[in-house]
Amino acid sequence: MSAASDPNALPSLPLQLPAGLQQTHHALRTMLERLNQLTSDIADAGLTPEVREEAAALHAWFTQEPAQHHAEEEKHVFPRLLASGDADLVHLARRLIADHGWLDVNWKQIAPSLLAAKDNYQWFQPAELIAAVRLFTRMHEEHMELEETQAFPATLTLQQEAPEQ
């Protein structure tokens, strides 16, 4: 039975996917830096036109890009780890999946403040936004580190070791 006709077969990992996922991580690091700078700018200068424009841009990016990235990982990376039979890799996949949920929850705490800033409303406390963004950043850094040093390499190894289906 070929992989195409076996509903239980894992999809092949597209050759560009590991590099694409890591490119998204690079972009995410840049956007997290911008987000942290934005929170400082709000605290220091208030809602200037430049701050409002940056808040809009960051809200738009973080609302779309990480969700697409996580969907790719959940489609191509995590199923292979979960099916590996290796308890450590299964645990890693489950943790990374849970991380995606927590990152989404954390984003939902930040997003309303960015929308308010974009619309020139400062009903939020800048210090609380700074703390939330720092947590969001730390969570992403730890998550990306696990993916880049463990999940992505293991996924590639598992695919190379898999018998042709």
Side-chain angles (χ1 to χ4, degrees), residues 13-82 88-157:
L13 190 65
L15 292 176
Q16 78 282 4
L17 194 59
L21 292 173
Q22 289 180 330
Q23 287 172 346
T24 302
H25 282 186
H26 177 74
L28 181 56
R29 286 182 176 96
T30 299
M31 299 306 274
L32 287 166
E33 287 175 17
R34 285 176 59 183
L35 186 59
N36 279 278
Q37 183 61 53
L38 175 70
T39 62
S40 295
D41 292 346
I42 290 171
D44 294 343
L47 300 179
T48 65
E50 296 81 14
V51 164
R52 293 174 56 209
E53 184 177 319
E54 181 73 346
L58 289 169
H59 182 273
W61 193 88
F62 277 102
T63 298
Q64 182 175 348
E65 295 300 323
Q68 290 177 347
H69 174 76
H70 293 166
E72 286 294 312
E73 291 171 338
E74 291 175 12
K75 179 180 178 183
H76 295 288
V77 176
F78 302 157
R80 195 164 300 282
L81 299 176
L82 290 168
D88 290 335
L89 293 179
V90 169
H91 175 76
L92 175 65
R94 288 182 178 150
R95 172 180 174 184
L96 294 172
I97 292 166
D99 282 356
H100 285 177
W102 286 113
L103 289 165
D104 186 52
V105 167
N106 195 231
W107 170 245
K108 288 177 180 171
Q109 293 172 337
I110 294 167
S113 297
L114 294 186
L115 286 175
K118 172 187 81 79
D119 293 333
N120 204 26
Y121 297 113
Q122 192 167 331
W123 50 256
F124 58 91
Q125 296 296 317
E128 290 177 13
L129 179 59
I130 289 170
V133 168
R134 284 183 182 158
L135 174 63
F136 189 61
T137 300
R138 189 170 50 252
M139 290 170 62
H140 269 96
E141 288 169 350
E142 292 172 5
H143 180 82
M144 290 185 291
E145 178 74 16
L146 284 173
E147 288 179 339
E148 292 170 358
T149 62
Q150 296 178 37
F152 297 167
T155 301
L156 290 172
T157 299

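Nothing here was measured: the structure is a model prediction, and the numbers come from that model. All values below come from the heavy atoms of this structure, side chains included, with hydrogens, waters and symmetry mates left out.
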Would you say the side chain of Q122 lies within less than 4.5 Å of the side chain of I42, judging by non-hydrogen atoms?
yes

Worked verdict on L115 versus Y121 for side-chain contact (heavy atoms from CB on, under 4.5 Å):
CA-CA 8 Å; L115 286 175; Y121 297 113; over 6 Å; no

To the nearest 0.5 angstrom, please state how far the CG atom of L82 sits from the NE2 atom of H91.
12.0 Å

Strictly by salt bridge (charged side-chain N to carboxylate O under 4.0 Å, His left out), give each pair with a member in residues 20-46 just once, sequence neighbours left out.
R29-E148, R34-E54

Would E72 and T24 count as a side-chain contact (heavy atoms from CB on, under 4.5 Å) here? Give the steps.
CA-CA 11 Å; E72 286 294 312; T24 302; over 6 Å; no

Are any of the side-chain heavy atoms of F78 and L92 separated by less than 4.5 Å?
no

Smallest heavy-atom separation, A43 atom then I130 atom, equals CB-CD1, 4.0 Å

Does E74, at its CD atom, have more than 12 non-hydrogen atoms belonging to other residues, nucleotides or ligands within less than 6.0 Å?
yes

Rounding to 0.5 Å, atoms CH2 (W61) and OG1 (T30) come to a distance of 8.5 Å

Output for pair (R134 CZ, T39 OG1), nearest 0.5 Å, gives 7.0 Å

Do any pairs count as a salt bridge (charged side-chain N to carboxylate O under 4.0 Å, His left out) and have a residue in residues 102-119, sequence neighbours left out, and if so which ones?
D104-K108

Is there side-chain contact between W107 and L114, with heavy atoms separated by less than 4.5 Å?
yes

Student check: side-chain heavy atoms of E73 and H100 closer than 4.5 Å:
yes

Testing the basics here: between L81 and A154, what is the closest heavy-atom pair and its distance to 0.1 Å?
CD2-CB, 3.9 Å

Whether H140 and F62 hold their rings parallel, tilted or perpendicular, with breakpoints at 30° and 60°
perpendicular

Nearest heavy atoms of S113 and L129, plus distance in Å
CB-CD1, 3.9 Å

Could you verify whether a donor N or O on one side chain and an acceptor N or O on the other, from H143 and E147, lie under 3.5 Å apart?
yes

Hey, what do you get for CG (L58) to CD (E53), rounding to the nearest 0.5 Å?
10.5 Å

Would you sort out whether D88 and Q150 count as a side-chain contact (heavy atoms from CB on, under 4.5 Å), showing the intermediate values?
CA-CA 10 Å; D88 290 335; Q150 296 178 37; over 6 Å; no

Which value, rounded to the nearest 0.5 Å, describes the distance between L38 atom CG and R52 atom CZ?
12.5 Å

Interatomic distance, I97 atom CD1 to W102 atom CH2 [nearest 0.5 angstrom]:
15.5 Å

Where do M31 and L35 land on the side-chain contact (heavy atoms from CB on, under 4.5 Å) test, with the steps shown first?
CA-CA 6 Å; M31 299 306 274; L35 186 59; over 6 Å; no

If we ignore hydrogens and angles and just use 3.5 Å, is the side chain of T63 paired with the main-chain N or O of A60 as donor and acceptor?
no

